[in-house]
**Q** 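Structure in C-alpha cells, see below.
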4 protein chains.
Amino acid sequence: MSPVSDPSAGTRERIISAAREEFAQFGIDGARVDRIARKAAVNKAMLYYHFHSKELLYEAVVKEFFLGVVERLRSHIEAFENLEQALAELAETHAQMVKQAPGIVPILLRELANPQSNLCEWIAGAIGGSGITSIAEQRLDEAVRSGRFRKIEIRQAMISFITMSLGYHLMAPLVDRVWNVTDREVFVRERKAAIVDLFLNGVKVKPI
Amino acid sequence: MSPVSDPSAGTRERIISAAREEFAQFGIDGARVDRIARKAAVNKAMLYYHFHSKELLYEAVVKEFFLGVVERLRSHIEAFENLEQALAELAETHAQMVKQAPGIVPILLRELANPQSNLCEWIAGAIGGSGITSIAEQRLDEAVRSGRFRKIEIRQAMISFITMSLGYHLMAPLVDRVWNVTDREVFVRERKAAIVDLFLNGVKVKPI
Amino acid sequence: MSPVSDPSAGTRERIISAAREEFAQFGIDGARVDRIARKAAVNKAMLYYHFHSKELLYEAVVKEFFLGVVERLRSHIEAFENLEQALAELAETHAQMVKQAPGIVPILLRELANPQSNLCEWIAGAIGGSGITSIAEQRLDEAVRSGRFRKIEIRQAMISFITMSLGYHLMAPLVDRVWNVTDREVFVRERKAAIVDLFLNGVKVKPI
Amino acid sequence: MSPVSDPSAGTRERIISAAREEFAQFGIDGARVDRIARKAAVNKAMLYYHFHSKELLYEAVVKEFFLGVVERLRSHIEAFENLEQALAELAETHAQMVKQAPGIVPILLRELANPQSNLCEWIAGAIGGSGITSIAEQRLDEAVRSGRFRKIEIRQAMISFITMSLGYHLMAPLVDRVWNVTDREVFVRERKAAIVDLFLNGVKVKPI
DNA sequence: GATGAATGAGATTTCATTCAT
DNA sequence: AATGAATGAAATCTCATTCAT
C-alpha cells in the first residue's frame, strides 16, 4: 500500500512497477489509477503523459513482465542437455518465478479468464518466439526416436508436464485447501521430484 | 448482449442466469449491474430487492454454480470401481463441465487470482464435502497397498492428475496457442487417453 | 448564476432550460456540466441519465429551441397576405425573437462558426420544413409575374431581406459600436421601417 | 492536422499561424494548446515563452488578423470615387476576404457570440479608425444632398448594405442550405450584382 | 531560445445503490 | 414484487501552465 517503488528510479519505471503491483492484486478492472499514481509517487497526469490510458498502461506492464519472465525461462532451460535435469530445472524455474514475481500468477490467471484478451495471443507469441518449446520438442523427439521413450504423443506430453508444474501454481489456492497443503514451501519441493518421477516413469519404455 | 434469460422463468432465476453470464465474461469488477438487469429484463432495483448487493449476487451465482458442478462431478465419479475407468471418466467429466457450463472456467480463474477470495475456501469445502477426493484417495491407497502401483505420494499423484486434466482447460487459451491446437474438440478427446496413459504408466509397478 | 429554473417543472425541463442558458452564454466548449446541474438543481448524474452526454444535451437544447422559434416564425408569417405587411411582420418577429429568446443568437452564431456542425443542416431542415420560405417565394413570384415588382432574382431578394433583418441582430455587437448605436430599442424600431422601405423601393417597378 | 506552418518562418510567426487555424476551427474554448504547438512544430513551453497564455495568444492572433483585413478593406475602398463602383468593390472585397482568410469568419462569429468580448470593441475601433465608414458616410451624404438619392437614413442604409454583403458570408452555412445554394462561387458573383442593384434602386430617387 | 517532464485543478462520465410510488 | 428517477462518491482522463535543464 505504501509507496514501494524506488524513488530514484525513472518515473516511467516507478509507474510500471507500481502498476504491476496494483494490477496483480486487483486486475485491470479493480485497479485504481489513483492508487497506482500514489504508489509510484507521481502526479496522476504523468500516467497519462507516459501511457495514455489505463488500458495501455496495463498492456505495457504485462508485456514487460512477461518478456522478463520468458527470458529467464529460456536462459534457465537451454543450459541443460540431460532431459531429466531439464525437467527438474523447468519445474524449479516455475517455482522460482512464482516466488520472485508473484504478481505474474494472478495477471496470467485473469488473462486466461478474459475471453477478449489479445494479450494471451501476445504471451503465446513471446513463449513461442523464445524457442523454449521447440527445444523441448526436439529433446523429446530424440528420446522417442532413440527408443528410450515410448511412442507417446509429444505435444500431449509437453502439455502434461507444463500443467502438472505450472498448473499447480495457478490452482494452488484451491488445491492447497482441497488437499490440505499447509507448508507450501515443502510441498513444492516434493512436488518437483514427484512430477519428474511420474512423467519419466509414465514415458519411459519398460524394461522387458 | 440481448436478453437471454427465459422470460417465463422466475425473476430470481432470470437474474442469477444473467448475472452468471455477466460475471463469467467480465469478472466481478468488470461486471455492470445495469447490464445484468437489462439481460434479465428486470428493473435494477429488483436486483437489489432480491440480492442486496452486487457482491452478494456474485456469491449467490458462484455458490449455486459450483454446487451444481460438484454434484455432477460426484455423481459421475462414484459409479466407477475400476480405477482406470474412473480416471477416464474424471477427465471426461471435466471436459463436459467446461463445455456445458463454460462460464465456470473464467469464474474459477478469477477466484484463483483473487488473493482475498473466500470463495476458494468455500469451493474447496464443497469439493471436499462431496467426498470425491476421499473416494479417490481410498482407491489409490488400495492400489499402492496391493502392489499394483508403485509407492508414490498419493496426494501428489492426485494433484498431478487433476492439473493435467482440469489444468489444461484452465490454461487452454494459452496452451492452444503455444502448441498450435486448432481443433480443440479432437485435442481434448485425445488428451483424455493421453493423460490416463501417462498417469497409469507413471504409476504402475513395472513388470520386472 | 443562481438557480433560475422553475423547481416545480419536470427535471428534464429544468435541465434543458439551465443548459440553454449555459450554452448560450459559453458555447458548448465553454459550458460546464457542473454549472448546468447546479442551475437546474439536479444531481450531475441526472444529466447523464436523461441526456447521455454533454454533446447530446446540447443537441437536445438546440433542437428544442429552434423548433419553438421556427414554429413562432411560421405562425406569425402565414397570417399575412399583404406582402408589405408580411415583411414588416418578419422583421418584427426577428426582433421579438431576439428579445424574448436572447440565447438563440449566440447559439446560432456559434453553430455558424462550427465547420463540422450538423445542426446547421438540421436547422435549415426545420426552417425549410416549416414552409416559411416557400410561402415567401410564392408571394414574391406572384408580385414579379403580376408586374408589380421588377424582374429580380427572387432567391437573392429573399436572402437580402433576411440578412438585412436577422443579419443585423447577429452582427449587432459590432455594428452598434461601429455606427455608434446607443439606444438599440429605438434603432431596431427605425430599422424595421428602413429595411422594408429600402427593399420595396429597390424592388418595385418605377413609375415611368 | 499536420504541421502546416512554414518551418523556415520565425517561431513566433509559426505559432501565430498555427493558432489562427486552431482558433478558427475550434474557438478559444475548443482550441488546444497542444495542438497549436504541434501544428507550429514547437515545444508547448515556447508558446508560453512568447505569448504568456492561451488567452493572450488568442488576442494576438485576432488583432493581427483583423488589422490585416481592415487595412486591405481600406486600401480597396478609398480608390473609388464613383459610388456604384465603390459598392461593388466593397462586396467584392468582402468576398475575397472570406476566401483568402477563411478563418476570419468563424473567429468573428464567435466574438459576436461572446457577450464579454472586448475584442468586438477593439475590432470596431480598428474599423472606425481606418476611416472606411466615414468615407462611405460622406459619399452617401453627398448623394442625398445632391438629390440623386432619396432622403434616407444614411446609417441604416450603410448597415443594410453591410449586412446584405458581409451578413451573407456569416450566415452562409445556414442560408446556403435553406435556399439550396449549391455553387457558392457562382452565387456570390451573382449576389454582388444583386445587392448593388437592390441597394441603388432602393435608394435612388425615382424618375417622376 | 528551446525542450521534455511534471503539475494541480478540474472536466466529464460512471456506477453501485436507494427512494418514492 | 416492481418501477423510473434520483443520488453521492468516485473513476478516468484533460489541459493550461510551469519547472529544470
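Chain naming here is simple, since letters A, B, ... match the order of the sequence lines and numbering starts at 1 in each.
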**Q** Atom CG of B/Asp34 and atom P of F/dA5: how far apart are they, to the nearest Å?
**A** 14 Å
**Q** Using whole Å, what does the distance between atom C1' of nucleotide F/dA11 and atom CD1 of A/Ile36 come to?
**A** 12 Å
**Q** Would you say C/Arg20's side chain and C/Val61's backbone share a donor-acceptor pair under 3.5 angstrom?
**A** no
**Q** Assign each of B/Val42 and D/Ile28 to its nearest nucleotide of DNA chain F by heavy atoms, then name whichever residue's nucleotide is nearer the 5' end.
**A** B/Val42
**Q** Between atom CG in D/Asn43 and atom C1' in F/dT21, what is the gap in whole Å?
**A** 12 Å
**Q** As an exercise, state the distance from CG of A/Leu170 to CG of A/Leu112, rounded to the nearest 0.5 Å.
**A** 7.0 Å
**Q** Provide the closest heavy-atom pair for A/Pro106 versus A/Ala24 in the form atom of the first, atom of the second, distance.
**A** CB-O, 3.3 Å
**Q** Taking atom C1' of F/dA6 as reference, at what distance in whole Å does atom CD1 of C/Ile15 sit?
**A** 10 Å
**Q** Please indicate whether C/Glu55 has more than 12 foreign heavy atoms, meaning atoms of other residues, nucleotides or ligands, lying under 6.0 Å from its CD.
**A** no
**Q** Nearest whole Å is fine: how far is F/dA11 P from A/Glu55 CD?
**A** 18 Å
**Q** Just N and O in the side chain of C/His50: are any of them under 4.0 Å from OP1 or OP2 of F/dA6?
**A** yes
**Q** The test is side-chain contact (heavy atoms from CB on, under 4.5 Å); show your working for C/Leu119 and C/Ile107 and say whether it passes.
**A** CA-CA 11 Å; C/Leu119 283 175; C/Ile107 286 179; over 6 Å; no
**Q** Any side-chain N or O of B/Arg32 less than 4.0 Å from the OP1 or OP2 oxygen of E/dA16?
**A** yes
**Q** Which pair of non-hydrogen atoms, one from B/Lys39 and one from B/Glu21, has the smallest distance, and what is that distance?
**A** NZ-OE1, 3.6 Å
**Q** How long is the line joining OH of C/Tyr49 and P of F/dG8, in whole Å?
**A** 16 Å
**Q** Describe the nucleic acid contact of C/Ala37 in one word from base, sugar-phosphate, nothing, applying a heavy-atom distance below 4.0 Å.
**A** nothing
**Q** Report yes or no: is there a donor-acceptor pair, N or O only, under 3.5 Å between the side chain of B/Lys44 and the base of F/dT3?
**A** no
**Q** Show the nearest heavy-atom pair for residues A/Trp122 and A/Leu67, with the distance to one decimal.
**A** CH2-CG, 3.7 Å
**Q** Could you measure between the two C1' atoms, the one in F/dA20 and the one in E/dG1, and give it in whole Å?
**A** 15 Å
**Q** Dot-bracket, 5' to 3', for DNA chain F please: Watson-Crick or G-U pairs under 3.5 Å, [ ] where pairs cross earlier ones, | where the partner sits on another strand, dots elsewhere.
**A** .||||||||||||||||||||
**Q** Please name the pair of heavy atoms, one in A/Arg32 and one in A/Glu22, separated by the smallest distance, quoted to 0.1 Å.
**A** N-OE2, 2.8 Å
**Q** With respect to the side chain of B/Tyr48, which nucleotide from E/dT18, E/dG10, F/dT17 is positioned closest?
**A** E/dT18
**Q** Would you mind reading off the distance between B/Arg12 atom CZ and F/dA2 atom C1', rounded to a whole angstrom?
**A** 16 Å
**Q** From F/dT12, F/dA1, F/dC15, pick the nucleotide closest to the side chain of A/Lys54?
**A** F/dT12
**Q** For C/Met46 and A/Val33, take the nucleotide of DNA chain F holding the closest heavy atom to each; which residue's nucleotide lies nearer the 5' end?
**A** C/Met46
**Q** In whole Å, what is the span from the CG atom of D/Asp29 to the C1' atom of E/dG10?
**A** 14 Å
**Q** Tell me which nucleotide among F/dG8, F/dA2, F/dT18 gets nearest to the side chain of B/Thr11.
**A** F/dA2
